[in-house]
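Written out below as structure tokens is the structure these notes cover.
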Amino acid sequence: MTNQTFIMCKPDAVERGLVGEIVSRFERKGLKIVAAELRTADKALAEEHYAEHADKPFFGELVSFLTRSPVFAMIVEGPSGNTWELGRILIGKTQVTDAQPGSIRGDFATTTNENLVHGSDGPESAAREIGLWFPNR
Ligand code: IDP
Ligand code: MG
């Protein structure tokens with residue numbers, strides 16, 4: 001069990017200047033940013049990151065979106081093994097019309113494809129994604 005999760009401000013968030021807003025929501029919650037990097041993902045990294053969606057009709061669009069400009073990738077840490085879940089609550093639901101005000105997506109996103117932020121959806125994906133984006137940690 002890890003107390004860490006992988007959180008990423010996607011290209012739309014960086015382009016819109018929302019990185020500070022997003023980071024501050026995690027900090028205000030009481031979670032700690034323990035690693036962070038602004039970088040442009042190449043196609044191989046984006047495809048690996050979203051491997052579970054390889055069969056979906058929106059996969060091509062998703063990979064071009066993630067690689068079009070820099071992302072702000074982070075390792076976020078909390079006091080217990082539910083950090084990934086706290087992250088998902090701060091982020092909000094996947095479908096834009098389900099994302100409630102008060103969540104990042106609910107407050108700032110208007111489409112499901114460009115929804116500003118990624119967060120691991122369980123302890124296994126947290127470990128996998130941290131290893132993928134921060135291989136030296
Ligand atoms: P999540 O980001 O809430 O974990 P996932 O189902 O893992 O949602 O989907 C990954 C990403 O793919 C979403 O954040 C969104 O950017 C995009 N996506 C999901 N569903 C659709 C869709 O129906 N059309 C276009 N893009 C989608
Ligand atoms: Mg997901």
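Counting starts at 1 for both ligands and their atoms, following the listed order. Any value given below was found using the heavy atoms of this structure, including those in side chains, with hydrogens, waters and symmetry copies removed.
At the shortest separation from atom 1 (P) of ligand 1 among protein heavy atoms lies Thr94 OG1, 3.5 Å. The protein atom (non-hydrogen) at minimum distance from atom 22 (C) of ligand 1 is Phe58 CD2, 3.6 Å. When hydrogens are left out, the protein atom nearest atom 15 (C) of ligand 1 is Thr112 O, 3.2 Å; that is the closest non-hydrogen contact. Here the heavy atom of the protein found nearest to atom 16 (O) of ligand 1 is Asn113 O, 2.9 Å.
Applying the 4.0 Å criterion to heavy atoms of Arg88 picks out, from ligand 1, the atoms 1 (P), 3 (O), 4 (O).
Considering backbone and side-chain N/O atoms, Asn115 comes within less than 3.5 Å of an N/O atom of ligand 1.
Checked against Glu129 for a side-chain contact (heavy atoms from CB on, under 4.5 Å), the options Met8, His49, Glu48 give a single hit: His49. A side-chain contact (heavy atoms from CB on, under 4.5 Å) with Leu116 is found for one member of Ile91, Thr111, Asp12 and no other, namely Asp12.
Hydrophobic clustering (ILVMFWY, side-chain heavy atoms < 4.5 Å, transitive): Leu38 and Ile22 are in one cluster.
For Lys43, the NZ atom counts as loosely surrounded, since its 6.0 Å shell holds 12 or fewer non-hydrogen atoms of other residues, nucleotides or ligands.
At least one heavy atom of Tyr50 sits under 4.0 Å from some atom of ligand 1. Residue contact annotation: Lys10 has a non-hydrogen atom under 4.0 Å from ligand 1. Residue contacts with ligand 1 include Arg105, since one or more of its heavy atoms lies under 4.0 Å from the ligand. Judged by the shortest distance from any of its heavy atoms, Leu62 lies inside the 4.0 Å radius around the atoms of ligand 1.
Only side-chain heavy atoms of His53 come within less than 4.0 Å of ligand 1; its backbone N, CA, C and O stay farther off.
A distance-only check finds a donor-acceptor pair linking the side chain of Thr67 to the backbone of Val63 [under 3.5 Å].
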